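In what follows, chains carry the letters A, B, and so on, assigned in the order in which the sequence lines appear, proteins first and then strands, with residues in each chain numbered from 1. Computed from a prediction, not measured in an experiment: that's the story for all the values here.
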Amino acid sequence: MALTGLEIYKLLPQTNCKECGLPTCLAFAMKLAAKQAELKQCPYVSEESKAKLEAASTPPIRLVTLAGEDGKLEVGNETVLFRHEKTFYHRPGLFIRVKDSDGVPSIQEKVKAADSFKVDYVGIPLTVDGFAVESASGDPATFEAAIKAVREVSKRPLVLMSSSPEAMAAGAKACAGTSPLLHAADEKNWEGMVALAKANKMPLVVRAPTLEKLAELTDKIRQAGVEDLILDPEVVGYSDTLMALTQLRRLALKKNFRPLGYPVIAFPRTGTNGKVDQVVLAAEMIAKYASLIVLDRFDPAEVYPLLVLRQNVYTDPQKPIQVQPGLYEINAPKDDSPVLVTTNFSITYFAVSNEVEGSGWPGWLVVADAEGMSVLTAWAAGKFDADRIAKAMKNTGMEGKVKHRRVIIPGQVAVLSGELEETLPGWEILVGPREAVDIPNYLKAMWK
Amino acid sequence: MPVTVELPKEKWAGKVREVTLGATPAEGGTRARMLTIGGEGTLPGLRFDGDLPHKPIIAIEIRQRKPEDWSPLLLKAWGTAIESPVEWAKAAEAAGTDLLYLALSMTTADGKPNTSDAARAVVRQVLTASSLPLAVVGPGQAEMDNELMVAVAEEAKGERLLLGVCEDKNYRTIVATAMANGHLVQSKTPMDVNLAKQLVILIHDMGMPLERIVMDPTTGALGYGIEYGYSVMERLRLAALQGDGMTQQPMIVTPGEEAWKAKEAKVGEGVPAAWGDWSARAVNWETTTATALIHAGADVVVLRHPDSVKRIRALIEGLL
Ligand code: B12
Ligand code: SF4
């Protein structure tokens, strides 16, 4: 658990010699607690204190990194059970599974489609994080060939899935120069898997059907010298998944239980009875504590909502995602192009700008500083009123940019038009549609 | 060496209140069954910490008039049933809903403002067409809501309808008529823990028993602010379990309405190809929104598409 500034101070020399660059040991302790300084800046800390401070600063859930040829993924290091308590930090990785037995052409087709998948969500590019290659054939050469085939078409991080150390060795060889996740060490094969993970410096999944067995196994593996671990509690179905993942998160955070202080990998498998659905279970895993999620299928209509959910759940509750207030020029506007006003909440801004852009109309989008709130929220909070809109129009110098004097406001704040006529003398206030989707039709009908 | 793992348990001091919707003939109504919601002594699905006596329930939203602005996918899913509240109610029952959620319209079929008589008639028809418990909400304009709800409450006296929507600016009339006619109310506030508590207190202060109030903490759709509602719901549920009495109402949310406002669900043309198949994406949008809210503590999810109903049903059954 993290120590407070005062607790850290007690472990420092308390001589105020200033060599750390701060006036007092206490000041240095406060910086350390705020993670704005590093312990090594003080040359005089005793070995004993150092050990204590390091132990206390070890995160309760280890940060583990997967690296592909291009790009890496960090998971773990979460500190809360509920996002409102602080925030969730490392978005769970979304991986797509392929089987080596499917044959190279079919594997490459699936991987290519998923690798190039990209959607823009409020200016944030959403993509899948990597691929899990499974040795379904059991044959090392086939596994190696499949991995090579995947690497030919994607540079993203990989998860290698096999319970045979022999196949895994072939897989690790095919991944030289990168750091894939090895899935998985279990009760039977762990020594072989540990040897591979150690030799190749690759992170390793530890798999067991109960939390006791999982803890037992991670203990042994840590003693054997592998620390970058990920847990697979082998959960199936909505209930088991929720309970096991919650218990793991609680054990790590509330009990600081080291043997299970690792990120979790989960597989939202559809199962044979068809009762479990990949999207619904993956959504549960995103909300409730999975760090890596391996999907069987790649379907954009499924991956897109899941990636958006992940983005939403992992947004810092303290900071609404916002854009810079100011003037945005869309499709090279001229002095006769429409002027539209909106707020600087990212979701609002992108809803509007995407529509104007998609409509092909050139337009001036004036983004008022509404402290990152949506149209109605900002209006209700007094952050998007006639004064603020007038100020935004002035700051962006709209008067000098267009010949006409017509400005379109969001339909949801139609009530502002009266006041706006006063704060924006000379301008005609047009009330636009309530929803951004209707902007293209509105412009076609109204802007002559 | 075997390791013992001592699972951290929460000992919660409080629990969510039980609220019963619908009245059977024995209770003075005509419904085939009563639906009890709430009662949770633990967070969603976490049976190791406490009891979960009732599963969350599903409501399907039906309208007094065919909603012309709904996504074509929804219109297609309900077919001609959507033209008539009676057929729609039957279709919703067949689609497996627990509760019917009837939204009254601003206008009647001839385009004139809705009237109490029309509202009475449609509620009577729906009650006759289906024996499921019923919720009725106004079109969302204060004056009209009040007028229609008084009529509806009288018409269905004793049925234990859930009446809405009570908001801080407009709740007195609806609460009074619900009390006088043996109904329940939906108390809606904009994503804020304190506002949610406050409105429950105000409604309770009028004499409405807490066993007859369901809170609607408001939700946004996936991609359009769901995270705010999600966290408010988690905070309300934690407060309830910690023993804060005025947060212990069961929660109703409307992921169907919110998700189907989102462009991802509503439109199929002129959107990026990477968004995938429209119909699948749209239903996934609603289902994913509802899934997250069930995990945040929803007791009632109001949905729109029959496929989402099936999938959320499977989640509810699998979870509890
Ligand atoms: C999420 C949310 C919040 C979040 C804020 C999120 C944020 N960063 O803005 C939180 C929880 C913080 C919040 C707080 C409040 N909220 Co609020 N909130 C919502 C909610 C659920 C969704 C808003 C949203 O994000 N919409 C999505 C965005 C994209 O929509 P939008 O900005 O309107 O943009 C659309 C259109 O307007 C249009 N558009 C936008 N710009 C333009 C420009 C032009 C030219 C055109 C043509 C179109 C156009 O395109 C967009 C897409 O269609 C709504 C209810 C709802 N479901 O709508 C209530 C709502 C807006 N909130 C409301 C209220 C009252 C509040 C509070 C005052 C409550 C309180 N006292 O705590 C506070 C105010 C904030 C404060 N004091 O700090 C009310 C407003 C009621 C009213 N009519 O006055 C609403 C409507 C809820 C309700 N029914 O009561 N809220
Ligand atoms: S260098 Fe160490 S001993 Fe000197 S002031 Fe800084 S913290 Fe104190």
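- Interface check for chain A: of the options B:Gly225, B:Gly318, B:Gly276, B:Ala274, the most heavy-atom pairs under 4.5 Å are formed by B:Ala274.
- Residue with the most contacts toward chain B among A:Val279, A:Asn354, A:Ile286: A:Val279 (heavy-atom pairs, distance under 4.5 Å).
- With B:Trp285 contributing its side chain and B:Leu222 its backbone, the two residues share a donor-acceptor pair below 3.5 Å.
- Salt bridge status for B:Glu40 with B:Lys15: absent, with no side-chain N to carboxylate O gap under 4.0 Å.
- Proximity to chain A (any heavy atom under 4.5 Å) is shown, for B:Asp69, by neither the backbone nor the side chain.
- Interface remark: of the candidates A:Ser116, A:Ser239, A:Ala282, A:Ser239 forms the most heavy-atom pairs closer than 4.5 Å to chain B.
- Atom CD of B:Gln141 is surrounded by more than 12 heavy atoms from other residues, nucleotides or ligands within 6.0 Å.
- Contacts between A:Val437 and chain B at a heavy-atom distance below 4.5 Å involve the side chain alone, from C-beta outward.
- With a 4.5 Å cut-off on non-hydrogen atoms, B:Ile294 does not touch chain A at all.
- Of the listed residues B:Glu227, B:Glu317, B:Lys261, B:Glu10, the one with more heavy-atom pairs under 4.5 angstrom with chain A than any other is B:Glu227.
- Although no hydrogens or angles enter the test, the distance criterion places no donor-acceptor pair under 3.5 Å between the side chain of A:Arg91 and the main chain of A:Gln311.
- A salt bridge links B:Arg313 with B:Asp98: the distance from a Lys NZ or Arg NE/NH1/NH2 to an Asp or Glu carboxylate oxygen falls below 4.0 Å.
- When the candidates A:Lys288, A:Lys213, A:Glu302 are compared by the number of heavy-atom contacts under 4.5 Å with chain B, A:Lys288 comes out ahead.
- The pair B:Asp299-B:Arg237 counts as a salt bridge, with a side-chain nitrogen and a carboxylate oxygen less than 4.0 angstrom apart.
- Checked against the 6.0 Å centroid criterion, the rings of A:Tyr304 and A:Tyr121 do not qualify as a close aromatic pair.
- When heavy atoms are compared at a cutoff of 4.5 Å, B:Tyr224 approaches chain A by way of both its backbone and its side chain.
- Of the listed residues A:Phe345, A:Phe117, A:Phe82, the one with more heavy-atom pairs under 4.5 angstrom with chain B than any other is A:Phe82.
- For chain B, the option among A:Ile347, A:Leu306, A:Leu211, A:Thr241 with the highest count of heavy-atom pairs below 4.5 Å is A:Ile347.
- Heavy-atom distances place the side chain of A:Glu355, and not its backbone, under 4.5 Å from chain B.
- Between A:Val303 and the choices A:Val119, A:Thr127, A:Val308, A:Val128, the side-chain contact (heavy atoms from CB on, under 4.5 Å) rule is met once, by A:Val128.
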